[in-house]
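In what follows, a single structure is set out as structure tokens and then discussed.
All ligand and atom numbering here is 1-based and tracks the order in the structure.
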Amino acid sequence: MQQDSETLNLEQALRILRRRVPLIVLCVVVVAGAAYGYSKHQTKKYTATASLAFSTNSLSQQIAGLPSGGSSASSVLAQQASNVELVRLGDMAAKTASQLGGGLTADKVAGSLSIAGEGESSVVGVSATATSPPLAAAIANTYTRLFVKEQQSTNKQYFKSALALVHKQLGELSPKQRIGVDGVELQNRAQTLGLLAELNYGNVQIAEEAPPPTSPSSPMTSRNAMLGGLLGLLIGLGLAFVLERLDGRIKGPEHLEEIYHLPMLGVVPDSAALSRSGHDRGKWTPLPATEAEAFNLIRAHLRFFNVDRDLRTVVIASAAPGEGKTTIACQLAKAAARLGAHVLLLEADLRQPTLANQLGLQPGPGLAEVLVGALPMNEATRAVEVDTSPPNAGGKRTLDVLGAGGVLPPNPAELLDSHAMDSLLAQAKSSYDLVVIDTPPLTAVSDAFPLLTKVDGVVLVGWVGRSRRDAAERLHQVVASSGAPLLGVIANGSKAGAPSVYSAAADAQTPLAGPSANGASPPNELIPTAKV
Ligand SMILES: Nc1ncnc2c1ncn2[C@@H]1O[C@H](COP(=O)(O)OP(=O)(O)O)[C@@H](O)[C@H]1O
Ligand SMILES: [Mg+2]
């Protein structure tokens, strides 16, 4: 169960993302492009690195007669840290600036440098970053050279003072002592110190000079563009979900299925012919093959999905007005009647009836009058002729229509929930193969709710790209717990149209006209070819 809902959520997320692919791609391209363009316009900087190798200070310590330090890992690290500090300290930056000239200052040199130990070795790297490769190399090399020189002169000073001390000690010895063990040792030390003072011995030397860098260290154009692309992707994904939340319309047929958790019974295309059928009272034009076939398929699906059920009374309902309930109820009833079924089209919208207009019927008594007992049902019912294929095969086929009525009642909800309505439904059920019931919008008025549980099946309609998702979600919450026999959803107004394998064959058919039962202009529609 848990897994089911998680799978559904993942599927929903994937659908949302699929719908928003162009937006996501746009975000990636724009942000990556902006990062690339910004990086391209940045001043290029180059980094050159020279390395200094420090020797252990044991030699000078031994000469000075001090014990040399250990070489454990921690002492190596401590030594390296003190070496890095040593390179950083002092006035080397000022000396480098004055030696290189060209407007360089001590602060600029110090700011361009990065000094760090290399791993756990005794090597310290001196990196200089500048706007030209030669300048970067010159700063790194001059700095390290000056540092080594200074270390040497410091050491020389140290050896010289040590030598003076040894000479002083020697001078204090008697001639006999001088040729003794201590005297000889002091003389040896004096010799070594003299040699070291001459040798320019330093405990640091240049391990590697900095070559002028061949590529800039910043800006990293391609890396920045890649990071920009990644950021764009995150922004795009975020925007996709935010827009999905903000945009409250039902996007496509699958969205309708998701909201109602019901199977798709059919997709009705947004069609000029269907639009006309709702407006031009009495002026019937042939319904194109694709539209006619969409209704045949809906009827077929209703049958296929309910093979083991006696599906006689079907309510066509939706959340809001204008979603196509009346149009679909009318066309579905016609589709069934054309194929020989005895069909009643019942208009239960007692507030804003439009069926008479759609079918080109003259105003007259209807459901309202029957429910208050003014008229029996069969007297208020009118037969409307539907076209058949082939022409007049098996006689004229008609559809019985019980409109809302001539005088609209003040209490439609009460009437639809009455015993009279129950017995009307029972009578219709026993007399007809199929009763299609058109209803008022469920989230606008509650009139039709009692009907939902009194019929064999309920079909919910939504207009893709127009119907509000929140209204559909509210309706779903109510109907899901009402015990109504929900059959499925119909997506009306699809821009993509209903996919059809029959249209080509159906297009070849000739539209038929026939006289109407009530004398109004006759319905003149294409004959469906897909018999179900
Ligand atoms: N698939 C469609 N393509 C074009 N127009 C349509 C379609 N379905 C319905 N219409 C039009 O939309 C309007 C509202 O339809 P209607 O069936 O009266 O909705 P409802 O009964 O839900 O209020 C009518 O003018 C009708 O002609
Ligand atoms: Mg209607």
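Side-chain atoms of Ser127 and Thr47 include no donor-acceptor pair closer than 3.5 Å. Between the side chains of Ser467 and Glu323, at least one donor-acceptor pair of N or O atoms lies under 3.5 Å. Donor-acceptor pairing under 3.5 Å is recorded for the side chains of Asp438 and Thr326. Looking only at atom types and distance, the side chain of Gln358 has a donor-acceptor partner in the side chain of Thr327 under 3.5 Å away. Side-chain polar atoms of Asp456 and Thr313 form a donor-acceptor pair below 3.5 angstrom.
Checking only distances, Leu274 does come within under 3.5 Å of ligand 1, N or O to N or O. In terms of polar-atom proximity, Trp463 is not counted as a contact of ligand 1, lacking any N or O under 3.5 Å from an N or O of the ligand. For ligand 1, the polar-atom distance check against Ala320 finds no nitrogen or oxygen pair separated by under 3.5 Å. On a distance-only criterion, Pro321 and ligand 1 share no N/O pair closer than 3.5 Å. Backbone and side-chain nitrogen or oxygen atoms of Asp438 are examined, and none is located within less than 3.5 angstrom of a nitrogen or oxygen of ligand 1. For a threshold of 3.5 Å applied to N or O pairs, the pair formed by Arg276 and ligand 1 contains no separation below that value. The shortest N or O to N or O distance between Thr354 and ligand 1 is not under 3.5 Å.
The Mg ion (ligand 2) has Thr326 OG1 as its protein N, O or S neighbours under 2.8 Å.
A salt bridge is defined here as a Lys NZ or Arg NE, NH1 or NH2 lying under 4.0 Å from an Asp or Glu carboxylate O, and Asp422 with Lys454 meets this definition.
Listed by atom number, the atoms of ligand 1 under 4.0 Å from Ser275 heavy atoms are 4 (C), 5 (N), 27 (O). Within ligand 1, the atoms closer than 4.0 Å to a non-hydrogen atom of Lys325 are 17 (O), 19 (O), 20 (P), 21 (O), 22 (O), 23 (O), numbered from 1 in the order shown. Every atom of ligand 1 with a heavy atom of Glu323 under 4.0 Å away is listed here by number and element: 19 (O), 20 (P), 22 (O). Each of the atoms 3 (N), 4 (C) of ligand 1 lies under 4.0 Å from some heavy atom of Asp270. The distance from ligand 1 to the heavy atoms of Val268 drops below 4.0 Å at these ligand atoms: 1 (N).
Annotation for Phe449: atom CZ counts as buried by contact number, over 12 foreign heavy atoms lying within 6.0 Å. No more than 12 heavy atoms of other residues, nucleotides or ligands lie within 6.0 Å of OH in Tyr38, so this atom counts as exposed by the packing criterion.
By the 4.5 Å heavy-atom criterion applied to side chains, Asp349 and Arg351 are counted as neighbours.
Between Leu346 and the options Leu424, Val315, Val436, a side chain to side chain contact (heavy atoms under 4.5 Å, CB included) holds for only Leu424. None of Asp447, Leu442, Thr443 except one satisfies the side chain to side chain contact (heavy atoms under 4.5 Å, CB included) rule with Val445; the exception is Asp447.
Within the 4.0 Å heavy-atom criterion, the part of Asn492 lying near ligand 1 is the side chain and not the backbone.
To the nearest 0.5 angstrom, Ile490 atom CD1 is 12.0 Å from Lys325 atom NZ. Here OG of Ser132 is found 13.0 Å from NZ of Lys44. Values are rounded to the nearest 0.5 Å.
Comparing Ile316, Thr327, Val461 by heavy-atom distance to atom 17 (O) of ligand 1, the nearest is Thr327.
Residue contacts with ligand 1 include Pro269, since one or more of its heavy atoms lies under 4.0 Å from the ligand.
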